[in-house]
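A short worksheet on the structure shown next.
Both ligands and their constituent atoms are indexed starting at 1 by order of listing.
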Amino acid sequence: LRSPCRVFHEHPRLLASDLYSQYESVRRGEQEMPKYFNFASDVLDKWSEIEKAGKRPSNPAFWWINGKGGEVKWSFEELGFLSRKVANVLTKVCGLQKGDRIVVILPRIPEWWLVNVACMRAGIVLIPGISQLTAKDILYRLQASKATCIITNDTLAPAVDSVASECQFLKTKLIVSKGSREGWLNFTELYKNQSADHSCVKTSIQDPACIFFTSGTTGSPKMAEHSQSSLGFRPLLSERYWLDLTPSDIIWNTADTGWILTSLASLFDPWVFGSCIFIHHLPQIESAAILNTLSRHPVGTLVGAPTLFRMLVQNDLSSYKFMNLKHCVSGGEPVNPEVMEQWKSKTGLDIHEIYGQTETGIICSVFKGMKIKPGSMGKAAPFYDVQIIDKNANILPPGQEGEIAVRNKPIRPLGFFSKYIDNPKKTAASERGDFFVTGDRGTMDEDGYFWFIGRDDDIIISSGYRIGPFEVESALTEHPAVAETAVVSSPDPLRGEVVKAFVVLSSTFSCGDLESLALELQEHVKKTTAPYKYPRKMEFVQQLPKTATGKIKRNELRNKEWGRM
Ligand code: ATP
Ligand code: MG
């Protein structure tokens, strides 16, 4: 393997730690990538040693609360001890071996982190799933992934049982539960009694570590395989870092455990930097609980989907004083500039936008200290040569709209997925010339900042004009009556298609006359963007269709408009 970074700047913080200094020559491009790497033995166990030597602040490595008085705090050493026990459950009791696949559908409970680390120790490939999955979704995941083991809790076990007979590869079911369930091994009991003696397996840097299902915003979720290098090794080489953490930092990411963002922001990236991962186990994302937690706990970095911030700014924030919050990060879908502005005016804090995909990891980011241009996703992240290209893979100049693409030849960026599992066609279709194409459209400005226009399929072409939904949505969100909105194309006999906005009204806004409000909103958009982009059709709705990860499903609304449901 060639080193992905030939010219690299020194990062004083990274160089300070024993853990990073050994990769310095790789970072400089003077040495090849190591052949073997295992996140558990090469990072977590190293932190355990650093901690033992008194060279790490007394922060826990993991800090979990449930809001009802329950609390768990682990040092790196405790994490090592407990995860070795779990590794023994998986290997000795369940018979799983290196390369076997396990589906893990657990809410934000400490066991999720233990199972993750245990899988690294044993070389088992972990497939996380979100807690809102239905029986049908679980069946799809078990069949597609050919996983031989599943671990879940009482809530989802009945759904698994209802489809288990159709999953010919599934051999073992593990339940995290206080009680027993027929046909299931009790994880909680088994792990208590296991020995903590376990030797970490040797994994090659390219061995698969996790398989993530994409969000399924545009169709069936795809299985993206990530390796030891794309997840755990990448942050060791990053000199400019999207989270900018140190060992004394505490980070809280509110995303569900089934999403790659949680693996990055609540596992690999903070632990590479020896930081503390904070979790509030909330059954539902609830503003008051989140604001209270930020007021009572020293969380310094908050990561959440834009929906989280859209929800938080709807509250009167003057009654909360955050204990230590300094850095906010959001992405996964566009962050509306209006929401950024409101958050800034109410809390004094900026929202740093990130842009990425399950397949690619974080491609662009507004890094700490960088000038913020509201509405922009920031600049290319380390290892990624991001460009705007045309149909023939030609790079377009600044300001010109095209497809957002990442150069993946001759060197595949560190952080990239290995492939779509069992789908060589899809893997091949995502490549064009020397680039991986994201399927998203955008522009880059003269300063190298990227601006999202929309998913390829979401672009509206009306009377020959190309209109990205995000800009119209952002304009609408600026109006105090609008809490959330989704903009899609709708058929029109004259123009072919026109812009239609689905609008959820803000709870604090009461309006009897929706017809005149619609006119007012249309006028508002005409004033704030190019007038031809204004929504000619408007519908007020109670809620918008979303994926389980909270993303607006514009394709569902669009299909309805076009009678394709
Ligand atoms: P599927 O591929 O199954 O249809 P998905 O693309 O939503 O689902 P993810 O990999 O979770 O699955 O999401 C990546 C996509 O999310 C990106 O391609 C982009 O469309 C969108 N996205 C992520 N971050 C941002 C951002 N900051 N601004 C705009 N869009 C974003
Ligand atoms: Mg996608």
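Protein residues lining ligand 1, listed by chain and number: Thr214, Ser215, Gly216, Thr217, Thr218, Lys222, Trp259, Gly332, Glu333, Pro334, Glu353, Ile354, Tyr355, Gly356, Gln357, Thr358, Glu359, Met377, Asp440, Phe452, Arg455, Lys551 [non-hydrogen atoms, distance under 4.0 Å].
With Phe169 as the aromatic partner, Arg101 does not meet the cation-pi criteria of under 6.0 angstrom to the ring centre and within 45 degrees of the ring axis. For the pair Arg141 and Phe213, the cation-pi test (distance below 6.0 Å, angle within 45°) is passed.
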Check your understanding: Yes or no on side chain to side chain contact (heavy atoms under 4.5 Å, CB included) for Lys146 and Asp422, after CA distance, side-chain angles and deciding distance?
Key -> CA-CA 11 Å; Lys146 304 189 176 86; Asp422 298 333; 3.2 Å; yes

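Side-chain contact check for Leu476 versus Val487: some heavy-atom pair is nearer than 4.5 Å. Side-chain contact between Arg310 and Thr307: present, with at least one pair of heavy atoms (C-beta onward) separated by less than 4.5 Å.
Of the N and O atoms on the side chains of Ser227 and Asp207, not one donor lies less than 3.5 Å from an acceptor on the other residue.
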